[in-house]
Amino acid sequence: MSNTESSVSEQHEIRREKLHKLRELGYEPYPYDFEVTHKSKYILDHPKLIKQDDQDEEDVEKVSVAGRVMTRRIMGGSTFFNLQDSEGTIQVYIRKDDVGEEVYNKVFKELTDIGDIVGVKGHVFETGTGETTVWAKEFEMLSKTLRPIPVPKEVEEDGETKVYDAFTDKEQRYRQRYLDLVVNPEVRKVFEKRTEMVQAMRNYMNDKGYLEVETPILQPIYGGASAEPFVTHHNALDMKLYLRIANELYLKRLIVGGYEGVYEFSKDFRNEGLSRFHNPEFTQVELYVAYKDYNWMMDFVEAMVESVAKALHGSTKVQVGDNEIDFARPWPRIPMFEAIEDETGKDLYDKDLEELKAIAKELNIELEENFGKGKIIDEVFEEYVEPNLIQPTFITDYPIEMSPLAKKHREKEGLVERFECICNGKEIANAFSELNDPEDQRERFEEQAQLRAEGDEEAMTIDEDFLQALEYGMPPTAGLGIGIDRLAMIMTDSDSIRDVLFFPQMKPEK
RNA sequence: GAGUCGGUAGCUCAGAUGGUAGAGCAACGGCCUUUUAAGCCGUGGGUCGAGGGUUCGAUCCCCUCCCGACUCACCA
């Protein structure tokens, strides 16, 4: 970044001089407030505001708008400029004859730059070319900018809108998201959609009577997922703490405590690589409902996500890249081994480790020494099945080795009652009938500890406190996790997680 | 972590097969009271990502590094 370098400081220096000149003239460049009566979009949407030829100016409703100056077309004693506020952009017409020579020539023409935040007050009219415009009778500087903003230009050419000089450098856009938001308004829309999505889910769960809760981010024992944690240290207690990788075990303690439905939108942290699908901190919502199982949870997930799609798009259909994804219920439910057999012709069920290794080799799956049965099956699934699942699909009944917190399948030996929802080739939800048998849970933890001892750094550690909670009795419970960033990517047609995070993790600038 | 491509003015980009760089917009000085990438005349602005090497001379060639995008590997 070179914003502190010489060439900027030319423009920077000039703007500082303008700032001082404003003060000298008695115009505060950073006033305390400004009464905004109308947003740009409202004005454009309400033609009744436009002054008619047979109307007197005094009889027309006055509007007061504020925002950033984005373009200027100065013609001597009058000027058109575009003002951008949170809702859009509206053109403003300002004349020396209306606002006075000092305000027009000095404050506006000489001392206002593109990017400055200003307020105007006047009536709405239509120009000769039919553009709805605010005729400024008053003009006020609301915040003088010292740095030039990137100034994209939009122009109609042959009926198409072309954008020149767009602010497109992805690194700069992520590092200076505030500028990205100013200059690329569609970016704001993506984040508004994300918030709408979260609200829709929150409302949906509240309507069912579930309680939104908060659980610790700093945890003495991390658990609930397979991942490497971030480690930190508490000085006063002189103890190691981990940033949570999941909140599952705490929410289940709350179910033990008697709540019958709890959920949390949880920022989780995993100390792993970055990619267009992975950020070190990410958000998921976890939900636990007592007396339910994973079959019930599938019904719940498809109903909730369908309603979210409708809330955001007015339809169950969402265009994502080249795919039209339809969230209309019901979604297919395919047992994992069936799905694998459908794609590969191989039945992996009830095979021992050596048999699985042989099959994996036939399927050109690269294996590492320490891969267990569950891991191999997962590799085959991810390679051959997952990418092909575009429409939302439940994959059910996972190998027990992969799911130490899920209840054993009521019928199928060696499996657990777990499902993932795959959509657009990626997992967006993960759920199971929660394991509430404390002795079984202890055995599963011990198996994990064994894996850990053998070098699997992502295997879980034994959480005695959680086991003790289970020993006090947890009702049958269905649990769910939905990746909010992943779902937001789908709902906003974004192909990178960075496009649905305001401030994605970046390497620090040198 | 590996591979590919890239980093030139505030923004978007061009360019020189080695002789220290251009355009449009932005900025600055003018003209211009219904424009819309407003227009017209004029001016300034760059250690060409950083460091080192080769060379009379490097932004260009070589090496190292930094940053990014994309793809691949682990994880959601």
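Below, chains carry the letters A, B, ... as their sequence lines are ordered, and counting in each starts from 1. Please read all numbers here as calculations on a predicted model, not as lab measurements.
- Across the P atoms, B:A2 and B:C65 are found 10 Å apart, a figure rounded to whole Å.
- Considering only the side chain of A:Ser275, B:C74 comes nearest among B:C74, B:C28, B:A69.
- Here, B:U71 and B:C28 have their P atoms 42 Å apart, quoted to the whole Å.
- If you check B:A26, B:C28, B:U35 against the side chain of A:Lys18, the one that comes closest is B:C28.
- When the side-chain nitrogen and oxygen atoms of A:Arg276 are compared with OP1 and OP2 of B:U71, one or more of them lie within a distance under 4.0 Å.
- Each of B:U34, B:U35, B:U33 was ranked by its minimum atom distance to the side chain of A:Glu131; first place goes to B:U35.
- If you check B:A69, B:U35, B:C32 against the side chain of A:Lys170, the one that comes closest is B:A69.
- Between A:Lys106 and A:Glu110 there is a salt bridge, since at least one side-chain N of the basic residue sits less than 4.0 Å from a carboxylate O of the acidic one.
- Among the protein residues, A:Ile74 comes within range of the nucleic acid bases, having at least one heavy atom under 4.0 Å from a base atom.
- A:Glu126 comes within 4.0 angstrom of nothing in the nucleic acid, heavy atoms only.
- Residue A:Gly483 is classed as having no contact, given no heavy-atom separation below 4.0 Å to the nucleic acid.
- Of the candidates B:A27, B:C74, B:G68, the closest approach to any side-chain atom of A:Arg498 belongs to B:G68.
- The pair A:Glu248-A:Lys252 meets the salt-bridge criterion, since a charged nitrogen lies less than 4.0 angstrom from a carboxylate oxygen.
- Picking from B:A38, B:C11, B:C28 the nucleotide with the shortest atom distance to the side chain of A:Arg73 gives B:A38.
- Looking at the side chain of A:Trp135, the nearest of the listed nucleotides B:A27, B:U34, B:A38 is B:U34.
- A tilted orientation is assigned to the rings of A:Tyr93 and A:Phe125, their planes being inclined by 30° to 60°.
- The nearest whole Å value for the distance from the NZ atom in A:Lys144 to the C1' atom in B:A27 is 11 Å.
- Across all strands shown, B:G42 forms a Watson-Crick or G-U wobble pair, both distances under 3.5 Å, with B:C28.
- Counting non-hydrogen atoms under 4.0 angstrom, A:Gln284 reaches nothing in the nucleic acid.
- Note: A:Tyr263 and A:Tyr288 fail the aromatic proximity criterion, with ring centroids not under 6.0 Å apart.
- Spacing of C1' atoms, B:G49 relative to B:U35, comes out at 41 Å, to the nearest Å.
- Comparing A:Ala227 and A:Ser78 along RNA chain B, the residue whose closest nucleotide (by nearest heavy atom) sits nearer the 5' end is A:Ser78.
- Put simply, A:Arg175 has a side-chain N or O that comes within less than 4.0 Å of OP1 or OP2 on B:G68.
- The shortest non-hydrogen separation linking A:Phe327 to A:Ala309 is CD1-CB, 3.8 Å.
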